[in-house]
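Counting starts at 1 for both ligands and their atoms, following the listed order.
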Amino acid sequence: MADLLQVQVAVDAPQHSGLTGPLDYSSEHPLASGSLVRVPLGRRDVAGLVWPAAQPGLAPDLRPASNAQTLALRAVQQVVRSLPPLSPRWCELVSFAAAYYQRSVGEVALSVLPPELRKLDDAQLQRRIDRLRKGLAKDALSEDGLPGPREVPQPSAEQAQALGELGTLMATHTSPVVLLHGATGSGKTEVYLRVAEQVLAAGRQVLVLVPEINLTPQLEARFAERFGAAPVPRRIVSLHSGLTPAQRLRHWLAAHLGLADLVLGTRLAVFASLPRLGLIVVDEEHDPSYKQQEGARYSARDLAVYRGKLEQATVLLGSATPSLESWQRAEEGRYTRLAMPARIGGGALPQMRLVDMNQVPRGSARQALSPQLVAALQQRLARGEQSLVFLNRRGYAPVLHCGACGWKSACPHCSAWRVFHKLDRSLRCHHCGFTQAVPRACPDCGNTDIAPIGRGTERLEEQLSLMLPGARVARIDADSTRLKGSLQAQLGAVHAGEVDVLVGTQMIAKGHDFRRITLVAAVNPDSALFSSDFRAPERLFALLMQAAGRGGREAEQAARSEMWVQTWHPQHPLYAALRRHDFAAFAASQLKEREMAGLPPYSHLALLRAEAASAAAARDFLQAASQIAAAQPGSEDVAFYPPVPASVARVANVERMQMLIESPSRIALHRVLARWLPQLHALRSGRRGAEQRILRWAVDVDPLAI
Ligand code: ADP
Ligand code: ZN
Ligand code: ZN
């Protein structure tokens with residue numbers, strides 16, 4: 001019998017099994033690392049990837065082992081030979097992500113592959129691949145469905161300058177990271193397109209990341225228009241969670257096989273397999289959507305930067321309001337910053353107007369819309385221009401209230417109010433989904449006069465329709481866009497000028513290239529000023545700058561475009577900087593505060609979350625965890641804060657507590673986490689009794705929301 005070889009295979013073992021690395025299996029034949037295989041795990045057969053060995057220098061996949069140990073290993077069942085192996089660099093990216101975000105390698109590796117890969121056998125996959133190769137060849141000939149090439153604009157002076165510097169950097173550095181700080185409407189996309197063109201011409205692939213699925217069609221169209229029908233047509237595929245499993249497999253394979261030249265996608269696309277990757281663009285790099293909020297809580301932006309180094313690719317981070325992390329790195333010279341402060345066509349940024357709500361007569365203040373703002377909206381209406389009114393709260397009102405007995409529409413399962421949705425007369429919990437019809441009378445005292453308090457987008461839409469007779473008011477938020485295609489249809493109506501006043505949540509404040517809006521208003525943005533989350537001001541500033549950026553994008557209208565902010569705190573320094581569109585000043589003041597308070601980017605954080613049936617059990621678990629950590633060597637450089645309830649403490653009858661872990665040294669933090677987490681698996685399984693039982697725990701490295 002031939003000697004058996006020992007191979008390491010990354011499999012998706014349950015996180016709480018505490019297995020973090022690849023597992024050992026035996027194989028009769030040498031297997032290239034990155035090969036897709038099926039192996040036995042417990043009583044199941046699961047998909048796995050042959051993993052390169054951690055020790056450098058040792059040929060990973062074929063360690064000969066004639067000893068009894070290897071004989072005792074379970075054997076690889078099947079090798080999916082139709083799939084060319086994933087590259088060592090791809091495996092390294094996954095290994096890094098798993099180690100950094102404290103998850104198992106197999107979990108990360110398999111969760112970022114298209115789910116279909118796990119299901120299909122070798123023959124089925126081979127057929128898909130054959131079909132794909134033929135199909136793509138046909139597409140390239142017919143090219144139907146592609147918009148004809150629009151005229152390629154001459155770069156503006158600023159674009160030309162940025163492109164020149166980028167060209168120099170790319171020629172002299174193997175993997176530059178560039179922060180493109182370009183005002184809203186400064187034409188960042190044109191810079192992406194032209195850099196992409198260069199990289200494609202050099203025979204390499206391009207990855208473009210966008211924060212939200214909603215923004216992919218518009219950008220995809222622009223890339224398709226530029227490259228799809230070019231003299232050498234380029235193949236563009238998208239990767240996001242809105243694809244069907246079959247589409248996702250096809251697009252992923254096209255990238256992996258090198259058939260697609262350009263991949264455009266949301267955060268999960270950072271893990272796309274791209275054998276010739278030469279450029280990663282992260283559009284709106286500051287956007288919180290780049291952080292995954294479950295499983296391995298990775299930041300696609302941060303991984304993009306890491307991947308750029310691995311693949312010797314250029315990383316281009318674009319934003320009008322960069323994250324303070326990226327801004328700080330540019331200040332330190334670790335990233336190259338390129339600035340494009342002017343808008344295309346020379347148009348001005350919208351003029352900022354703050355409405356002091358303290359000065360507004362009481363009756364109208366309660367209407368949420370100041371008379372000044374209503375007059376400004378009427379003026380736009382009379383001129384046939386569009387307005388955008390922005391409120392980050394959906395539904396009709398955040399709570400219903402009985403004036404007689406004080407009853408409020410609390411959710412029985414969560415520490416939150418249920419939101420009143422007037423359109424279907426429901427009370428809905430936005431945390432657990434619990435929904436009931438609105439009661440006719442107060443459930444506690446029978447009073448029939450229960451009233452909404454506060455307002456969401458539904459109510460704002462209603463009020464605007466009343467105050468602006470004849471105006472075509474439309475609302476875009478998560479409720480109005482549930483049906484597939486409805487968002488695109490609604491946006492289409494706005495672009496076509498069929499809407500006078502657009503009401504919505506942050507969904508409409510970002511990214512869209514609206515051409516006819518001359519007034520943007522934020523109705524009630526103050527709450528973020530006093531949030532306990534230290535990142536709230538940064539997010540608010542970015543959101544308001546982004547929202548403002550939807551106005552006056554047509555140069556001839558820019559001079560009369562305005563951004564209105566209704567506030568009870570007009571003196572707040574955040575608004576003072578906003579008024580001047582002064583991101584640099586805002587960033588400088590925030591960074592100074594963060595430095596004094598020892599917050600990121602001057603320190604590094606992790607959040608340990610625990611969920612249990614009772615708050616006491618969750619707290620006990622975190623306290624026990626903290627004691628274990630304190631006993632570890634190296635923990636002196638790391639601070640463990642006391643456990644506190646999560647911002648919404650109870651969701652679906654589960655109590656949620658969290659504990660912040662902080663260190664000035666990233667290395668110290670990671671060293672402690674790596675030793676500590678395996679002990680937490682043991683701690684969890686050691687707890688007995690229904691009351692004590694911890695349901696779940698998870699660590700969030702570099703958490704975005706505290
Ligand atoms: P940003 O992403 O920076 O907010 P966009 O890339 O959406 O800005 O560009 C704003 C508008 O300017 C788009 O409609 C785009 O087609 C147009 N544009 C960009 N560059 C040029 C140029 N050099 N000449 C003319 N129009 C341009
Ligand atoms: Zn009552
Ligand atoms: Zn609830």
Answer with yes or no whether R222 contacts ligand 1, where contact means a heavy atom under 4.0 Å from a ligand atom. yes

Select one of side chain, backbone, both or neither to describe which atoms of P155 lie under 4.0 Å from any atom of ligand 1, heavy atoms only. backbone

Find all atoms of ligand 1 within a distance of less than 4.0 Å from any non-hydrogen atom belonging to S186, and give their numbers and elements. 3 (O), 8 (O)

Do any nitrogen or oxygen atoms of E190 lie less than 3.5 angstrom from nitrogen or oxygen atoms of ligand 1? no

Which bit of I344 is near ligand 1, meaning a heavy atom under 4.0 Å away: side chain, backbone, both or neither? side chain

Do you know which two heavy atoms are closest between N447 and G403, and how far apart they sit? ND2-N, 4.2 Å

Suppose I only count heavy atoms of P153 and a 4.0 Å limit; which atoms of ligand 1 are within that range? 22 (C), 23 (N), 24 (N), 25 (C)

Ligand 1 versus E151, non-hydrogen atoms closer than 4.0 Å: side chain, backbone, both, neither? neither

When you compare ligand 1 with T184, is there at least one nitrogen or oxygen pair between them that comes in under 3.5 angstrom? no

Using side-chain contact (heavy atoms from CB on, under 4.5 Å), reason through L460 and V389 one step at a time and then give a plain yes or no. CA-CA 9 Å; L460 189 59; V389 184; 3.8 Å; yes

Would you say S156 touches ligand 1, if touching means a heavy atom closer than 4.0 Å? yes

Please find the pair of heavy atoms, one from G242 and one from I213, that lie closest to each other, and give the distance. N-CD1, 3.4 Å

Quick one: does ligand 1 sit under 4.0 Å from the side chain of A183, the backbone, both or neither, non-hydrogen atoms only? backbone

Given the rule in the side chain to side chain donor-acceptor pair (under 3.5 Å) test, do D533 and S531 qualify, once you have shown the distances and angles that lead to the verdict? CA-CA 5 Å; D533 186 339; S531 164; 5.4 Å; no

R515 and ligand 1 - part of the residue with a heavy-atom distance under 4.0 Å: side chain

Of all the atoms in C432, is at least one N, O or S atom closer to the Zn ion (ligand 3) than 2.8 Å? yes

Hey, is there an N, O or S on H430 sitting under 2.8 Å from the Zn ion (ligand 3)? no

Run the salt-bridge test on K188 and D283 with the 4.0 Å N-O cut-off and return the result as yes or no. no

Is the shortest distance from a Lys or Arg side-chain nitrogen in R353 or E562 to a carboxylate oxygen in the other one below 4.0 Å? yes

Contacting atoms of ligand 1, where contact means under 4.0 angstrom from a heavy atom of Q154: 22 (C), 23 (N), 24 (N)

Pair S480-Q490, side-chain donor/acceptor within less than 3.5 Å: yes

Is R301 paired with E284 through a side-chain N to carboxylate O contact shorter than 4.0 Å? no

Would S323 and E285 count as having a side-chain donor-acceptor pair, cut-off 3.5 Å? yes

Show your working on ring-ring contact (aromatic ring centres under 6.0 Å, His included) between H286 and H181 and close with a plain yes or no. CA-CA 11 Å; H286 64 279; H181 180 216; over 10 Å; no

Taking the Zn ion (ligand 2) as the apex, C405 SG and C445 SG span an angle, rounded to 10°, of 110°

At a threshold of 2.8 Å, where the distance has to be below it, does the Zn ion (ligand 3) have an N, O or S atom of H413 nearby? no

